[in-house]
There are 2 protein chains.
Amino acid sequence: MTVTIYDVARLAGVSLATVSRVVNGSTSVKPSTRRKVLKAIEDLGYRPNAVARGLASKKTTTIGVVLPDISSLFFAELARGIEDIANMYHYDIIISSSDQNRDKEIQLVNNLLEKQVDGLLFLGGQITDEHRQLFGSSSIPIVLVSSNDPQHKIPSVRIDQEQAAYDAVSFLVKKGHKRIALLTTKLHSHFSQLRLNGYIQALKDHDIAFDEDMVVEIPPVYQSALSTTTNMLKLMDAPTAIFTYNDEMGIAAIHAAQDIGKHVPDDVEVIGFNNTRISQWVRPMLTTVVQPMYDIGAVSMRLLTKLINNEETHTEIVLPHRIEVRQSTK
Amino acid sequence: MTVTIYDVARLAGVSLATVSRVVNGSTSVKPSTRRKVLKAIEDLGYRPNAVARGLASKKTTTIGVVLPDISSLFFAELARGIEDIANMYHYDIIISSSDQNRDKEIQLVNNLLEKQVDGLLFLGGQITDEHRQLFGSSSIPIVLVSSNDPQHKIPSVRIDQEQAAYDAVSFLVKKGHKRIALLTTKLHSHFSQLRLNGYIQALKDHDIAFDEDMVVEIPPVYQSALSTTTNMLKLMDAPTAIFTYNDEMGIAAIHAAQDIGKHVPDDVEVIGFNNTRISQWVRPMLTTVVQPMYDIGAVSMRLLTKLINNEETHTEIVLPHRIEVRQSTK
DNA sequence: ATGAAAGCGCTAACAC
DNA sequence: GTGTTAGCGCTTTCAT
């Protein structure tokens, strides 16, 4: 039925070992026998069995990726960065969506470890002790992507969320805004907490009183941002600027303003986050904090390959961010 | 170092086979010994090696997915449908992006076959003879997702592209439009060809002359749709309605119209395709042909599981489409 | 430069 | 209900 390395060896009149050598590109094979073997492989249509190879070599050339949701613009873009570099180093990637659910995250990681992946890329929200313990129990390298371990024990690649938020809010403050809304999500999460810190610090540094009514915690999607913003803008003390957790919400904020007859950026300025493609698919185009998603993915994967090969490397990488100014701010 | 099934057997005082039985949930194990084994597994922190299992059982519980680009909204959404059902049946998915490049497609499929995936989901453009031959050479089931084999030899799940285009154009014609632009891509591809056929047939059935200037072939992205539409709308004989290949282009068409002072839908009506989330993230919201991406993915994966288990099933599934009418049409 | 042989960790008959 | 044994298809010493 299936043709194995043994069949090739017999047809070529050599041993298993020799076939293995030419398949794996070993140098020490006489050109003439190499040719014989290649011919046999061709004739038989031999395809090496990666599972058998994996068992014997203890390497699967597969890496596992756990992320919240592959259908999200943000993670899909990031995944592409991962994939391209993985490909470059001849790794395949098994992608699994966790929906940020902790039990599912744990289960998915366990499953990937059973599959003997050579490394793991973890993109999630909170890193709990349970995560740390699980990661510790494995013998393969793991890198946290677009987030980090507050205890600085696990390798990671990310941007400085706090500084990024600080920069965005300062940008707004310098234009004279005093009532700046922060549309964010799940405040108990590490990520949102950092952004909030940056927001608060920026206000403080510019002597603006913090008003908790300006901070709203909602699901990070268009619809909730749309209705929330609509309500806020109808208030007596409406915000004059809005800083959102992502671009989808930023677009919603623009639309909310426009729907009730306000002008962006004259009546209200808006800054999004991430610089996903969609930030240019709205009028006025959305000013946003650039988080280099593709690069974060790519750098993470590159770091992982180094870790797998025990190469020297920094294990906490912070990529630069910046503000891309478009028309939703003056 | 790594704990194997053998270690568990020794600690529990049973044989390999018994451990294997409890791990795989076989019925014929005495409750008391099952408990002993479970305890040993717990104590040792045993994790079954899926690679070894795969080699012995000739099943990897992994399926391969080849798609054009995981960072695209359309394929990411579809991938999520695939993943959810895969998960339900305890399969993992290896995702690889082909960029619609034929050589890369072939290479990726070969690679996945080497990895001994239990089945393959292929989302691509053209199915060439080379594809057919490659698919035929494999012993695992393959299903074409969101496209089909003109020769009807390969299982597939999709919508009726031609009819969908026909419906959209007819919808426009019935409102009195005579100059309907078709913004499409790579006309030589099977997919675009079907859409064009539907477009032409709809015009013909309503006695409207076909004008080749109304059909433009461009990269299916925002920027090219934006500039192309801008140019078209400035023409003397500008179209009064636009039907685009996807929603991204539909949004671009709306913006192009607005940028030159035209009103949507009063001056020009626009219909997109796919009903991705973004079709609601624009003002006016985009009328679009609904292609149920998530469902296509889910149904494909379900079909694949049936094929893997040799169950009876239809092998060509056509899912329903419809037009979601929003504000970009009157 | 090439071959022989011992695993890699597990499943799946087949026996008891 | 449980144990024995023979592979699954390959890599990798160690000889030669």
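The chains referred to below are lettered A, B, ... by the order of the sequence lines, with proteins before strands, and numbering in each begins at 1. Remember, it's a predicted structure, so these values are computed and weren't measured experimentally.
With respect to the salt-bridge test (charged N to carboxylate O, under 4.0 angstrom), the residues B:R302 and B:D84 do not qualify. Note on A:E312 versus A:K306: no salt bridge recorded, every NZ/NE/NH1/NH2 to OD/OE distance being 4.0 Å or above.
Between A:T33 and C:dA1 there is no side-chain N or O to OP1 or OP2 distance below 4.0 Å. Side-chain nitrogen and oxygen atoms of B:T18 include none within less than 4.0 Å of the OP1 or OP2 phosphate oxygen of D:dT2.
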Across nucleotides 6-16 of chain D, 5' to 3', mark each nucleotide with B, S or - according to how protein heavy atoms within less than 4.0 Å reach it.
-BBBBSB----

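For the residue pair B:Q126 / B:S189, no side-chain donor-acceptor distance below 3.5 Å is found, with atom types taken as modelled.
Between B:S146 and B:Q291, the closest heavy-atom pair is OG-NE2, 4.4 Å.
Checked by atom type and distance alone, the side chain of A:D118 pairs as donor or acceptor with a backbone atom of A:T61 at under 3.5 Å. Side-chain atoms of A:T18 do not come within 3.5 Å of backbone N or O of A:V14 as any donor-acceptor pair.
Direction of the helix axis in the helix from C:dA1-D:dT16 to C:dC16-D:dG1 shifts by 30° between the two five-pair termini, rounded to 10°.
Considering only heavy atoms from C-beta on, B:I85 comes within 4.5 Å of B:Y89 through its side chain.
With sequence neighbours left out, B:S71 forms a side-chain hydrogen bond (donor to acceptor under 3.5 Å, both in side chains) with B:D69.
Note: NZ (A:K115) to P (C:dC10) measures 15 Å, nearest angstrom.
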